[in-house]
Amino acid sequence: MPLSDTSSCKDEHSLIYISLQPTECFLTQAKEPKTEDSRKSRKWKKKKISDILAKSEPKPGTPEDLQKLIKGHYSSSRSVIELEELHLPDSCFLKCNDLTHSLSSYLKEICPKWVKLRKTHNEKKSVLMLILCSSAVRALELIRSLTAFKGDAKVMKLFAKHIKVQEQVKLLEKRAIHLGVGTPGRIKELVKQDGLNLNPLKFLVFDWNWRDQKLRRMMDIPEIRKEVFELLDMGVFSLCKSDSLKLGLF
């Protein structure tokens, strides 16, 4: 056999040999979807706040709940001594809603002298009672449920949706308002702009137990919780300690 034929024969045998060798290509292909599936399963296992709350039984808020949130929020930015100063006295807390009350019945219980109180209030740029909630829609619901309690009291919407802050400042300057219902972000802005004075405030009520469509309470929402604490920093802590302001968890 000529040399060239021998060479080609060797090449042919080599090709056959190579093609018969076991390969790992199928093993590699099998691993790829497995890794993707495992990633997906890890994503599915990640718990959401709504999943956690859906499995838990509703429990009424307590002063201890608020105290824990205050401590947790300020623990990274305040010293131990400063944290102790932020601890609110038990005397500043009103009876909490046990989940059996409507808003009107709850307010009647914590403020039995409301009629007398509102009749003597004539200070502008202030309110006697503030109700904090998570959204404009929720604020409107709460205002509608106040009918049995408010009587002749002037109630004001204190949220940002469709209402400019300057319009609210002018309204507060024109006449005495007894009760404000709104979001912490807008109330905070009114205080900043000197449109709302917190010193005459007697009651600060948190819409604590209500849950939205995702089963979140107002203090479960990070941006709302942040704004609540910023508002508390604007004089609420000192008013509570002076015993001129009472807190309620509805």
Side-chain angles (χ1 to χ4, degrees), residues 58-70 86-123 126-135 138-159 176-184 186-188 191 196-211 217-220 224-225 227-229 231-232 234-250:
K59 291 182 180 179
T62 63
E64 290 75 22
D65 293 331
L66 180 56
Q67 300 276 31
K68 283 178 185 177
L69 286 178
I70 291 170
L86 290 175
H87 187 81
L88 297 171
D90 293 339
S91 60
C92 80
F93 285 98
L94 297 160
K95 185 178 179 180
C96 297
N97 179 21
D98 59 2
L99 304 183
T100 64
H101 282 284
S102 66
L103 180 58
S104 281
S105 68
Y106 175 69
L107 296 181
K108 283 178 181 179
E109 184 166 329
I110 65 170
C111 184
K113 296 181 180 179
W114 173 249
V115 175
K116 184 179 179 181
L117 196 62
R118 67 175 169 77
K119 282 182 178 178
T120 57
H121 176 70
N122 54 18
E123 193 170 341
S126 68
V127 294
L128 288 171
M129 181 183 290
L130 270 178
I131 301 175
L132 294 182
C133 59
S134 58
S135 69
R138 178 57 180 164
L140 292 173
E141 288 176 2
L142 291 171
I143 289 169
R144 284 193 291 269
S145 66
L146 278 170
T147 308
F149 169 77
K150 69 183 182 68
D152 295 329
K154 297 289 188 296
V155 181
M156 188 168 172
K157 305 167 188 172
L158 300 176
F159 49 76
I177 304 294
H178 304 99
L179 210 159
V181 185
T183 56
R186 176 46 61 93
I187 294 167
K188 185 183 68 174
V191 175
L196 181 64
N197 177 16
L198 293 179
N199 288 329
L201 186 64
K202 300 299 178 189
F203 302 93
L204 179 60
V205 178
F206 295 84
D207 184 32
W208 192 277
N209 298 302
W210 180 80
R211 296 172 186 250
R217 295 158 297 191
M218 66 176 288
M219 296 301 274
D220 292 323
I224 299 294
R225 187 168 62 244
E227 288 178 338
V228 166
F229 288 124
L231 178 61
L232 296 183
M234 297 173 120
V236 172
F237 283 121
S238 56
L239 288 171
C240 287
K241 291 194 172 184
S242 66
D243 208 31
S244 65
L245 176 62
K246 304 293 182 183
L247 303 179
L249 305 183
F250 170 64

Atom of G235, atom of S238 and distance for their closest heavy-atom approach: O-OG, 2.8 Å
Separation between NZ of K95 and NE2 of H101, rounded to the nearest 0.5 Å: 5.5 Å
Straight-line distance of I131 CD1 to L158 CG, nearest 0.5 Å: 10.5 Å
Atom pair CZ (R118) and NE2 (H121), whose distance is rounded to the nearest 0.5 Å: 12.0 Å
Working for side chain to side chain contact (heavy atoms under 4.5 Å, CB included), residues D65 and K59: CA-CA 11 Å; D65 293 331; K59 291 182 180 179; over 6 Å; no
Neighbour count above 12 (heavy atom, 6.0 Å) for D152 CG: no
Pair W208-N97, side chain to side chain contact (heavy atoms under 4.5 Å, CB included): steps then yes or no: CA-CA 9 Å; W208 192 277; N97 179 21; over 6 Å; no
Contact check, side chains of S91 and D243, non-hydrogen atoms, under 4.5 Å: yes
NZ (K157) with more than 12 external heavy atoms under 6.0 Å: no
Test item: Q67 side-chain N/O and H87 main-chain N/O as donor-acceptor pair under 3.5 Å: no
Other residues, nucleotides, ligands: >12 heavy atoms within 6.0 Å of K188 NZ: yes
Short side-chain to backbone donor-acceptor contact, R225 and M219, under 3.5 Å: yes
Closest heavy-atom pair and its distance - C96, Y106: C-CE1, 3.8 Å
Taking every non-hydrogen atom, the tightest pair across V155 and K150: CG2-CD, 3.6 Å
Flag, side chain of N209 to backbone of F250, donor-acceptor distance under 3.5 Å: yes
N199 CG to S126 OG distance, which is reported to the nearest 0.5 Å: 9.5 Å
Note, C240 side chain near L247 side chain (heavy atom, < 4.5 Å): yes
side-chain contact (heavy atoms from CB on, under 4.5 Å), paired with L179, selected from V127, L128, L146: L146
Donor-acceptor contact present, side-chain S104 to main-chain S145, <3.5 Å: yes
Reported SG-to-CZ distance for the pair C133 and F159, which is rounded to 0.5 angstrom: 8.5 Å
Chi angles and distances behind the side chain to side chain contact (heavy atoms under 4.5 Å, CB included) call for L232, L204: CA-CA 10 Å; L232 296 183; L204 179 60; 4.2 Å; yes
Test applied, side-chain contact (heavy atoms from CB on, under 4.5 Å); reference residue, R144; option that passes from T147, L142, L140: L140
Among L107, L117, L130, the one residue meeting side-chain contact (heavy atoms from CB on, under 4.5 Å) with F203: L117
Salt-bridge present (E141, R138; N to O < 4.0 Å): yes
Point-to-point distance, once rounded to the nearest 0.5 Å, from CG of D90 to CD of E64: 7.5 Å
Sub-4.5 Å side-chain heavy-atom contact between F149 and L103: no
Side chain proximity check, K246 to I110, heavy atoms < 4.5 angstrom: no
Parallel, tilted or perpendicular: rings of H178 and W114 (30°, 60°): perpendicular
